[in-house]
Structures are given as C-alpha cells and as structure tokens.
Peer 1: 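What follows is a single structure, and I will ask about it in a moment.
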Amino acid sequence: AKEKGRGNFQFYETYLTTRAKERLFLESELRDALERQEFHLHYQPQFALSGGELIGAEALLRWNHHEHGLIAPDKFIPIAEESGLIVAIGEWVLSAACSQAKAWLDAGYAFKQVAVNLSGAQIERSDILATVGNVLATTGLPPQHLELEITETYIMRQAKQNVRIMEELRALGVSLAIDDFGTGQSSLSYLKRLPVDKLKIDRSFVMDIPQDSNDMAITRAILALGHSLKLTVLAEGVETAEQAAFLNELKCDEVQGYYYSRPLDAESFRKLLAKQKFD
Ligand code: C2E
Ligand code: CA
Ligand code: CA
Ligand code: CA
C-alpha cells in the first residue's frame, strides 16, 4: 500500500506542472494575505502634460509575502480574480486608497484625485455600488476625489449591463476612466454612450513611439476620438522625452509613466504633494 501511495504521489507531482503548483500555492497564500497584512499600496503620480501640474495618483497593489517577498500584481491578480478573492482584496484596496487620500486632504495637500482599479470579476461577484458607497461614507473622502478605472475589455464584454453599473457609480459622484484603452475593441456606438470621464491609452501603444508608425497612428486616433467625445485622455507608460513630446504635440491631456515617476510608496508620494504645495 505504501508503494502504491508513493506511486500516486509521483504521478500527481508530474501531472501538475510547475505552473499549476505555483498557482495552487499562491491561491492558498492569498487567502491569508489580508489577515497577515501583507498588502500595501503604491501611488504612481499622474500629471497634466502641458502645465506639468500633479493631478493625483493611481493606487497600485503590492503584495509583500512573508517568505517570498514582493510578488507582482500580474502574477497574483488573475488568481485573485478566478478564485473570487478579488472581492475582499479589492475592497481592501478601495478602503486603503480612500482613507489615505482623505488623510492627505486633511493634512492640507491639494490634488484632484486618487484612481483605483476595479477588476471585472470584482464588479461581477459583489455589490460594487454598495461597496464604493460604504467606503466613501466610512472614510469621509469626498467622491470627486476618487476615480475608478475599469478596463475596456471588461466594459465591452457586457456593454449594456456595464453602462448601467457605470451610471450608478457615477451618480455617487466619483469619476470613471476606461483603462487599457485601445486593446478592447470598443464599439464606437457604445463608446458614445459610456458614462466616462477619461480614456487611458494603453501602454502597449505608447511603448514603441516613435519607432512604430502604426502605434503612433493609433495613439493619434485615440486622442482624436477621445477629444471629439469631450473626454480627458491620459497616456500611460510614458518612458521617454520623445514620447512625451509626441503626446504633447497631439494635445494629450495627462500622462503617467516612468519618465515622470515610478509608482511611489505613500510617504514618497506625500513628499511630492508637499513640494507641489510649497513650490
Ligand atoms: P495597470 O492598471 O495598467 O497599471 C499600470 C501598470 O503599469 C503598473 O504595473 C505600473 O507600475 C506600470 N507602469 C507604469 N508606468 C510604466 C512605464 O513607464 N513603463 C512600464 N514598463 N510600466 C509602467 P503594476 O503595478 O505591476 O500593475 C500591473 C497590473 O496589475 C495593473 O495594470 C492592473 O491591471 C493590476 N493591478 C494593480 N493593482 C491593482 C488593484 O488594486 N486592483 C486590481 N483589480 N488590479 C490591480
Ligand atoms: Ca489601471
Ligand atoms: Ca492600464
Ligand atoms: Ca507595438
């Protein structure tokens, strides 16, 4: 019986790929991460392109595992989404970002907003309207200082239903941005009706400016489209002076990227806010 057991185990071992084992491990560790307080947020500054003024920041989740150290969001967010853990984690992110933003406002720092990513799975599996409403009420953050980012791919998957949810969210007083724009095959007729304030041009298009003329044409088209719909357009992933100059020429409204700043820990972002205030 012992021999057989070991044989089964070996089969199991080879059957499960390294990837699958890593998934199982991360999922079980994710279950404890909230309780262990292993999450924190970084804040990537967003700037107005022409005047250079600091507008706010996108809150980005960081997981510092007690044994394995930092684990990238691209690795664990998909697992959190599939397992449903994204609901609790997403609520933590929202609440942490809003209470941090409120504390900065109370300390006298001026900024327009903090942006928080909402995952499609989180919207589907929870009462997102109640969650956002509760977090705003609990933290006391005035809703105009919160922006929610939803990916184009998710919005377009069930456009009709999502338009309603987005209208309700906006009725709370928060603003909405379409994340990773350009990758999700928006139907133009829906785009016109989407209750959004901002388009975020996906990093994949910005990345190869000025080498890739197709990406430059797409970026130009998104800016023209966004502006004709009276939306603010932000380019993400700006890494070089050439990219910034190209975007500036096209009257892109806002920028975010390593050229301006990497995501910062809360204290470093506070220092940036402080400079803004006293400059
Ligand atoms: P995203 O929403 O598109 O966030 C922007 C990502 O691009 C961030 O990666 C940021 O660090 C990175 N980035 C910003 N500027 C540059 C640049 O100039 N060059 C390059 N190469 N990268 C740049 P990060 O923090 O690793 O997050 C990756 C993704 O994980 C996010 O993509 C988002 O989809 C997801 N994510 C992060 N935090 C959250 C969260 O709180 N909730 C949810 N649902 N998803 C999150
Ligand atoms: Ca985002
Ligand atoms: Ca994005
Ligand atoms: Ca490209």
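Numbering starts at 1 and runs along the sequence shown. Whatever order the structure lists ligands and atoms in, that order sets their numbers, starting from 1.
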Peer 1: Do the side chains of Leu225 and Ile222 get nearer than 4.5 Å, heavy atoms only?
Peer 2: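 Ile222 vs Leu225: side chains apart.
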Peer 1: Regarding Glu147 and Lys200, does a basic nitrogen lie under 4.0 Å from an acidic carboxylate oxygen?
Peer 2: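 Between Lys200 and Glu147 there is no salt bridge, as every charged N stays at least 4.0 Å from the carboxylate O atoms.
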Peer 1: Counting from 1, what ligand 1 atoms have a heavy atom of Asp180 closer than 4.0 Å?
Peer 2: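 Answer, ordered by atom number: 3 (O).
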Peer 1: With respect to the Ca ion (ligand 2), what is the nearest N, O or S atom of Glu58?
Peer 2: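 When I compare the N, O and S atoms of Glu58, OE2 is nearest to the Ca ion (ligand 2).
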Peer 1: Check each atom of ligand 1 against the heavy atoms of Asp179 and keep those under 4.0 Å away; list them by number with element.
Peer 2: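 Heavy-atom distances to Asp179 below 4.0 Å select 2 (O).
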Peer 1: Answer yes or no as to whether an N/O/S atom of Asn117 is found below 3.0 Å from the Ca ion (ligand 2).
Peer 2: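 Short answer: yes, at least one N, O or S atom is under the cut-off.
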Peer 1: Which ligand 1 atoms, with their elements, are less than 4.0 angstrom from a heavy-atom of Pro263?
Peer 2: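 Listed by number with element, the hits are 11 (O).
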Peer 1: How about Asp202: does one of its N, O or S atoms come closer than 3.0 Å to the Ca ion (ligand 3)?
Peer 2: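 It does not: Asp202 brings no N, O or S atom closer than 3.0 Å to the Ca ion (ligand 3).
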Peer 1: Does the protein put any heavy atom within less than 4.0 Å of atom 33 (C) of ligand 1?
Peer 2: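 It does not: no protein heavy atom is found less than 4.0 Å away from atom 33 (C) of ligand 1.
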Peer 1: Quick check: Val93 and ligand 1, any N/O pair under 3.5 Å apart?
Peer 2: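 Min N/O separation from ligand 1 is not below 3.5 Å for Val93.
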Peer 1: Below 4.0 angstrom, counting only protein heavy atoms, does anything approach atom 19 (N) of ligand 1?
Peer 2: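 Yes, because at least one protein heavy atom sits under 4.0 Å from atom 19 (N) of ligand 1.
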Peer 1: Measure from atom 6 (C) of ligand 1 to the protein's non-hydrogen atoms and state whether any distance is below 4.0 Å.
Peer 2: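 No, there is none.
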Peer 1: Please could you name the atoms of ligand 1 that Asp74 approaches to less than 4.0 Å, counting only its heavy atoms?
Peer 2: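 Once the distances to Asp74 are compared, the set is 28 (C), 29 (C), 30 (O).
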Peer 1: Looking only at distance, does Tyr258 have an N or O less than 3.5 Å from an N or O of ligand 1?
Peer 2: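 Between Tyr258 and ligand 1 (N or O atoms, distance only) the closest approach is under 3.5 Å.
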Peer 1: Output yes when a side-chain donor or acceptor of Ser95 lies under 3.5 Å from a complementary backbone atom of Glu91, and no otherwise.
Peer 2: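 No, because the side chain of Ser95 does not come within donor-acceptor range (under 3.5 Å) of the backbone of Glu91.
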Peer 1: Quick check for you: to the nearest 0.5 Å, what is the distance between Ile150 atom CD1 and Ile178 atom CD1?
Peer 2: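 Atom-to-atom, Ile150:CD1 and Ile178:CD1 are 8.5 Å apart.
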Peer 1: List ligand 1 atoms under 4.0 Å from Glu239, heavy atoms only on the residue side.
Peer 2: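 Near Glu239, meaning under 4.0 Å from one of its heavy atoms, ligand 1 has 17 (C), 18 (O), 19 (N), 20 (C), 21 (N).
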Peer 1: Where do Glu27 and Arg31 land on the salt bridge (charged side-chain N to carboxylate O under 4.0 Å, His left out) test, with the steps shown first?
Peer 2: CA-CA 6 Å; Glu27 185 180 330; Arg31 289 189 189 280; 2.8 Å; yes
Peer 1: Check ligand 1 against Glu58 and write out every atom of the ligand that is under 4.0 Å from a heavy-atom position of the residue.
Peer 2: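 Per the distance check, 2 (O), 4 (O).
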Peer 1: Which one of Thr131, Val93, Ile123 satisfies the side chain to side chain contact (heavy atoms under 4.5 Å, CB included) criterion with Leu118?
Peer 2: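 Among Thr131, Val93, Ile123, the one meeting side chain to side chain contact (heavy atoms under 4.5 Å, CB included) with Leu118 is Ile123.
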Peer 1: Can the ring centres of Phe76 and His65 be said to be less than 6.0 Å apart?
Peer 2: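 That pair fails the under 6.0 Å test.
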Peer 1: Provide the atom name of the closest N, O or S atom of Glu236 relative to the Ca ion (ligand 3).
Peer 2: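 In Glu236, the N, O or S atom with the shortest distance to the Ca ion (ligand 3) is OE2.
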Peer 1: Do Gln256 and Gln46 meet the criterion of a side-chain donor-acceptor pair at a distance under 3.5 Å?
Peer 2: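 The criterion, which ignores hydrogens and geometry beyond distance, is satisfied for Gln46 and Gln256.
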Peer 1: Are Thr219 and Leu247 side-chain neighbours, meaning at least one heavy-atom pair lies under 4.5 Å?
Peer 2: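 In short, these two side chains touch, coming nearer than 4.5 Å.
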Peer 1: Suppose we measure from atom 38 (N) of ligand 1 to each protein heavy atom; which comes out shortest, and what is that distance?
Peer 2: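 For atom 38 (N) of ligand 1, the nearest protein heavy atom comes out as Leu61 N, 3.1 Å.
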Peer 1: Within ligand 1, which atoms have a heavy atom of Gly257 less than 4.0 Å away?
Peer 2: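 Counting from 1, the qualifying ligand atoms are 15 (N), 18 (O).
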Peer 1: Are the side chains of Asp180 and Thr153 in contact, using a 4.5 Å heavy-atom criterion?
Peer 2: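 Contact flag for Thr153/Asp180 side chains = no.
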Peer 1: For the 3.5 Å polar cut-off, considering only N or O atoms, please tell me whether Glu81 and ligand 1 meet it.
Peer 2: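 No; every N/O pair is 3.5 Å or more apart.
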Peer 1: Looking only at N, O or S atoms, which one in Asp180 sits nearest to the Ca ion (ligand 3)?
Peer 2: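 When I compare the N, O and S atoms of Asp180, OD1 is nearest to the Ca ion (ligand 3).
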Peer 1: Is atom 9 (O) of ligand 1 touching the protein, meaning some protein heavy atom lies under 4.0 Å away?
Peer 2: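 It does not: no protein heavy atom is found less than 4.0 Å away from atom 9 (O) of ligand 1.
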Peer 1: For the Ca ion (ligand 3), give me the closest N/O/S atom belonging to Asp179, just the atom name.
Peer 2: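 Atom name returned: OD1.
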Peer 1: Taking both backbone and side-chain atoms of Asn117, is any N or O found less than 3.5 Å from an N or O belonging to ligand 1?
Peer 2: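 There is such a contact, yes.
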Peer 1: Would you mind finding which of Gln256, Lys75, Glu236, Gln44 brings a heavy atom closest to atom 15 (N) of ligand 1?
Peer 2: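 It is Gln44 that holds the nearest heavy atom.
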Peer 1: With heavy-atom distances below 4.5 Å as the criterion, would you say the side chains of Tyr43 and Leu272 are in contact?
Peer 2: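 SC-SC contact between Tyr43 and Leu272 ruled out.
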Peer 1: Closer than 4.0 Å and a protein heavy atom, does any atom meet both conditions relative to atom 3 (O) of ligand 1?
Peer 2: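 Under the 4.0 Å cut-off, atom 3 (O) of ligand 1 does have protein heavy-atom neighbours.
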Peer 1: State, without any angle test, whether Glu81 and Ser119 hold a side-chain donor-acceptor pair at a distance under 3.5 Å.
Peer 2: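 Yes, because at least one side-chain N or O of Glu81 sits under 3.5 Å from a partner of the opposite role on Ser119.
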Peer 1: Does Gly257 offer a backbone N or O that forms a donor-acceptor pair with the side chain of Glu239 under 3.5 Å?
Peer 2: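 No; zero donor-acceptor contacts below 3.5 Å.
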Peer 1: Near the Ca ion (ligand 3), is there an N/O/S atom from Glu149 that is less than 3.0 Å away?
Peer 2: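 So Glu149 does not count as coordinating the Ca ion (ligand 3).
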Peer 1: Which value, rounded to the nearest 0.5 Å, describes the distance between Glu168 atom CD and Leu129 atom CG?
Peer 2: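 CG of Leu129 is found 5.0 Å from CD of Glu168.
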Peer 1: Do the non-hydrogen side-chain atoms of Glu22 and Thr18 ever get within less than 4.5 Å of each other?
Peer 2: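 Answer no - side chains too far apart.
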